[in-house]
Amino acid sequence: MKSVHTLISRIRESEKNGYAFILPYIIFFCLFIAYPLIFSFILVFHRWNIVTPMEWIGLRNFIRLFQDPLFARAIINTLIFLVLHIPLQIVIALFFALLLNSAIKLRGLFRSVYFFPVVVSGVVVTILWAQLYNYENGLFNHILTALGFSAIPWLVDPAFAMPSIAIMATWKNVGLYIVLFLVGLQTIPSYLYEAAEIDGASKNYQFFKITLPMLNPTIVVIFILSTIGGFSLFIEPYIMTGGGPMNSTLSAMLYIYNQAFSFNHMGYAAALGFVFALIILFVVTLQRRIMETEDYST
Amino acid sequence: MKQHILIITSVLLLLSCGPSSHDIEHEKPGVTRLTYWPAPNPQEMQLADSLVRVWNQNNPNIQVRMQPIPVGQSTEEVLLASIAAGTTPDICSNIWPGALYDYTRAGGLVAFDKFSDFDSVMTSRVPDELLETFRSPDGSIYQIPWKTNPVMMIYNKRILGELGYEEPPRTYSEFLKIGRELAGLREKNKSFDVWMGQRDIRPIWWQRFFDYLPFYIAASGGKTLFDNHTVAFVNERAEAVMAFFRDCYRDKVFPRTFSHQQDPFLLEKMATNFAGPWQIPTIQRYAPHIEFGVAPLPVPDNYEGPIYTYGDFKNISIFSNTRHPEAAWEFVKFLVTPEHDFALLEIANQIPVRGDLLTNPMFDDFFKRKPHMLLFAEQALYTRSVDEVADLKEILDALSQEYEAAAVYGRRSPAEAIHRAARRAELIIEWNK
Amino acid sequence: MTRIGIYILLMVGLIVFGYPFVWMISASLKPELEIGALTLWSSDFSSKNYELVVNRIPVFRALLNSTIVSVSVTISVLIFGSMVGFALAKMRFFGKEILFVAILFTMMIPFQITMIPQYILMVWLGLTDTYLGLIAPYAMTALSIVLFRQFFMSIPQALIDAARVDGCSDLKILFKIVWPLSRPVIVTVGILTFMTVWNDVLWPIIVIRERSMMTMPQLVALFVTGGEAEGQLGAMLASATMLALPVIIAYSFFQRYFIDSMATTGLKG
C-alpha cells in the first residue's frame, strides 16, 4: 500500500519536474521564436536603420513592396528556379534510385558517392561550380568545345544564370532524394508487382500505377523541401553572381539581406521577410493539398 | 565561454574604471582630454600614434588619447551606433563622405565653419572649388577633406607599344580604337587572349566607383551625380558615358565574363585597368616585370579642360558630443599642417588633399623617389567624392542595375537607362523624406 | 536492361557526383596557369596555394571557431532536446499537448521572418561577434524535440516507473537509463545538428564581422567574394578544399550514419 502512495506522490512530483524539464525550452521559445515573431510584426510598420529611433510609417513598407520591381523579380527568379529544380530532382533521383534498386553489388559505394554533395557545405559546392561554369576557362565549356559544341554563357547570360544555379542545386541535393526513393522502393510490397504480372500488366503500367503512387510521399517531400530551399537560396547567388546578371539570380533571401544589411532598411526587410514567409506557407500548403488529393484519386 | 568571461570582466573593469579615470581628469584642473579615432589599419595607426605623441608633448593642457576605431563592423556602422549611444570620440579621421548624411541627420557633427579661423586655415590647404563639394545641404561644412585615392588608368606599356602606341589613349575614340584592334587580333589568332580592359560586371554598388562614376565625373568636368539633394545626372554626359561602356562591351573591348578569374592585368592579358594608388604595390609585388604607366581617365572626344575623377576620400570630423570643440579644432589644425601631411604621405603612403602638394618643396623628395605617386598626387585636386545624400548605396545599386542592363548587356538605350535610374533614385529619395 | 548497362550508368553517376571534388583537390595543388585544364595530373604539384591561404586568412582560428560553435550547439541540442522530448513523452503535466502543437508549429516558421528580429536581439544583447551569438539561436531545435519524443514513446513506461520506485530522480532516469537505450536517435540528432551548424553561413555572415570570430564557411565565402584572394583561382579552390576536408574525413568513416540521419529529416518533412 505504501509503495502505491509513494508512486502517486512521485507522479505528482514528476509533473512539477515536467515543468522543470521544459523550462529551458520555454525561455528559448520566448526569446528566439515568440519575440522575433512579435517584433517582426511590429517592425513591418516602421522605418528603422537600427541606430536612430524607430519611425512609424503605417503600411508604407507594404505599399512600397508592391511597387518594387525587385520584389517581383525575386519571386519570378524563385519560380524559375523551382520549375527547373523540382522536376530535375524527381527525374534524376528516381533514375538512380531505380538503377540502385536493381543492381546489388557495391550499392553502398554508389549510394555514398551520390550522397556526398549533400553533406558538403554549400560554400564549397558554389566555389567549385563557379569554376566549372567559367565561360572561358571552365571545365564544362572545355568539354563542350572539345565535343564540337559552342560554349554556354552559364553564369554571364541573364537567361542561363538561374538555370545554372538550379542545375548546381540539383546536383547538390539529389543524393538525399536518391536515398529516400530507394527506401521508398524497398518498402513497396513485392506482391503488388506479382499480382500485376499475373494480370498481364506491362512494365510501364506497373511503374505508373504501382511504383510512382507508392513513392508519392517522397515526391511531396521533394516539393516541400525544394520550395523552402528555393526561397532560402542565398550563398549560391551571393558567391557566384551577386544577384546578377541583370538581377536574374536575385533570390528572396539575397534581397532581404541586401535591404537589411547593405542598405540598413530593417523595417522594409522585415516586411519582405513577412510576405515571403506567407508565400512559402501558402505554396507549401497548396502543394500538400494537391498532392494529397492526387493520393486519393489513385 | 572563456571569451565571454573575459569580455564580461573587461566590461566590468571598464565600467568600474570609467568614473575613476574621470576623477583623474578633474584632478588636474585646466587639462583638457580628447579622444581621437584614426582608421584601424597598421599604417594609419602608426601615423596617428606618432602624431599624437608629438602633440601631447607640445600641449600639456590638451592631452589626446589615440584609439583605433573598434573593428568588427564597418566604420560607418560603428560611428552611427556611437552617435546614437552618445559614445563618440571627439575627433575621427576616417569619415567617408557617403555616410555624412546619416551622421548629420543624427545631429552628430560639429560645423567647422563656425570656427573664426576656419577660412584662413582651409583656404591655405584646399582650393575653394574642391572644398565647396564638401559643403552639406544646410550650408555648413562638417568634414575636412584629409586624404584621397583617385581612380586613374593604369596601362601596360608593352602591350600598347607592340600595337604602335607610345602614348596612352586620352579619348573614348582612341580607347575604343585600340580595344577594337585587340579584338581583331583575338579574332585572327585564337591563342592571343589580350583585352583592352576588364571589369567586375556584377551589379554591386561599389563596383561603379571604378567605372561609371569616375568616368561620369571626368566627362562632366567634375560634376557629381547629385546637386543639392536632387538627381542631377539626367544629361548628355551621363548618356555619353553609358554609351561608351556599351560600345566597350558590344565591340569586345571588354569581355562580358567575370567570375573570379585571375587578375588579368597581372597576367598581362589586359592593357588597361582603372584603379587607385593601392594597385601599384600589388603590381610591383606579383608581377614586377610589367612595365606600366599611369594616366588620367579617357574622356569624350570633344571634352576640354582638366580631367577629373572619383576618389575615395577619408575626411576629418569633430563630433558634437565633444565637451571641448575649440581644443578639438586645435588638434584638427595640427593634423593638417604641411609637416603632418608629409607624414601621412611618408608613413601611410596616402595622398593628402593639399593645394600645394606639387609646389611645396617639402614633398619634392618623396615624389622623386616614387614617381607613380606623383601622378596620383597631380590628380588628387581634380578628384571628387560621392554626394552626401540619404541611401546613397541603394541609389548606386539602382544605377548599377541600369548600367548592367544598358552598358554590359545592351538591353536598353543609354538614355532610357539614365532615365530609369533617375526615376528610381528619386523614388528612393522620396521614400526617405 | 542488361546488368552491364546498369553498371555503366551507375559509373557515369559516380563520375558526375565524385569527379568534381577530385578535380577540385587536384586543381588546388596545381600552378595557376594549369587550372583550366581537364586533366588531373600536373608535373608541378605544390602546396603554394595553401600557403597563400594560410598566410592571408586565419584559417585555423576559423576551424577552431566552427568546431567550438558546432560542438556547443550539438551538446545543447542533445541535452535540452532530450529533456523536452522526455517530458513530452513520459511525463504528465498540464499544457503538454499545447506545447507539442506549438513545437510542431515552430517547425513551419520560415527563417525569412525571424532573421531580422533575431539579429536585432543579438545587437541589443551585445552578442554580435561572440560565440554565444552563434550558439544561442540554435541551442534548441523543434526537430530534435520531435525526434526524441517519438523515440522515447517507444520506451516502455514500466521501465521508467520501476526506476522511480527505486528512487531515481528524473534527470538520472533520462541520462542514466533512457540515454543508453537511445543511441540511434542521439546519433541522428547529433549528426543532423552538427552538419547544419557546421555548414551554416547566412547567420554567421549576419552576426559576425570580426575576422577572428568568423566560422570556416563564412571566412572562405568572404575570402572568395572579397578582394583577399586577389583573383588567385588556386587559392580559392585551396580554401574550399580546406573547408571540405573535415567533412570528407568524417564522412568517409561514418557515411552510413550520415545518410541515415539526413534521410530522417526528409521522411519527417
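Below, all heavy atoms of this structure are taken into account, side chains as well, without hydrogens, waters or symmetry copies. Just so we're on the same page: letters track the sequence lines, and every chain starts at 1. None of the values given here were measured: they were computed from a predicted structure.
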Exercise. Checking A:Gln259 against chain B: side chain, backbone, both or neither under 4.5 Å from a heavy atom?
Worked result: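 A:Gln259 touches chain B through side-chain heavy atoms alone.
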Problem set entry | Interface moiety of A:Asn258 toward chain B, non-hydrogen atoms closer than 4.5 Å |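 It is neither, since no heavy atom gets under 4.5 Å.
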Straight-line distance of [X] [atom1] to [Y] [atom2], nearest 0.5 Å:
X        : Y        : atom1 : atom2 : result
A:Ser248 : B:Tyr409 : OG    : OH    : 7.5 Å
B:Arg256 : A:Asp157 : CZ    : CG    : 9.0 Å
A:Ser262 : B:Ile204 : OG    : CD1   : 9.5 Å

For this session: Check the pair A:Leu70, B:Arg424 against side chain to side chain contact (heavy atoms under 4.5 Å, CB included), reporting the backbone distance first and the verdict last.
Result: CA-CA 11 Å; A:Leu70 293 184; B:Arg424 178 136 176 108; 3.9 Å; yes
Problem set entry | Closest non-hydrogen atom pair between B:Asp391 and A:His265, with its separation |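 Of all heavy-atom pairs spanning B:Asp391 and A:His265, the closest is OD1-NE2, 2.6 Å.
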If you define the side chain from C-beta out and look only at heavy atoms, does anything of [X] sit under 4.5 Å from [Y]?
X        : Y        : answer
B:Leu80  : A:Ile50  : no
A:Arg64  : B:Ile428 : yes
A:Phe263 : B:Asp397 : yes

Problem set entry | Candidate pair A:Met246 and B:Arg411, rule side chain to side chain contact (heavy atoms under 4.5 Å, CB included), full reasoning | CA-CA 10 Å; A:Met246 290 184 70; B:Arg411 298 286 164 103; 3.6 Å; yes
Exercise. Is chain A contacted by the side chain of B:Asp193, its backbone, both, or neither, given a heavy-atom distance below 4.5 Å?
Worked result: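 For B:Asp193, no heavy atom lies under 4.5 Å from chain A.
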For this session: Name the region of B:Glu394, side chain, backbone, both or neither, that has any atom closer than 4.5 Å to a heavy atom of chain A.
Result: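 When you check distances to chain A, atoms from both the backbone and side chain of B:Glu394 fall under 4.5 Å.
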For this session: Evaluate whether atom NZ of B:Lys393 has more than 12 neighbouring non-hydrogen atoms of other residues, nucleotides or ligands under 6.0 angstrom away.
Result: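 Buried by this count: over 12 neighbours within 6.0 Å.
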For this session: Would you mind listing every salt bridge (charged side-chain N to carboxylate O under 4.0 Å, His left out) that reaches into residues 48-62 of chain A, with sequence neighbours excluded?
Result: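 For residues 48-62 of chain A: A:Arg47-A:Glu55.
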Problem set entry | residues 27-44 of chain A: residues contacting chain B (heavy atom under 4.5 Å, by number) |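 From residues 27-44 of chain A, none sit under 4.5 Å of chain B.
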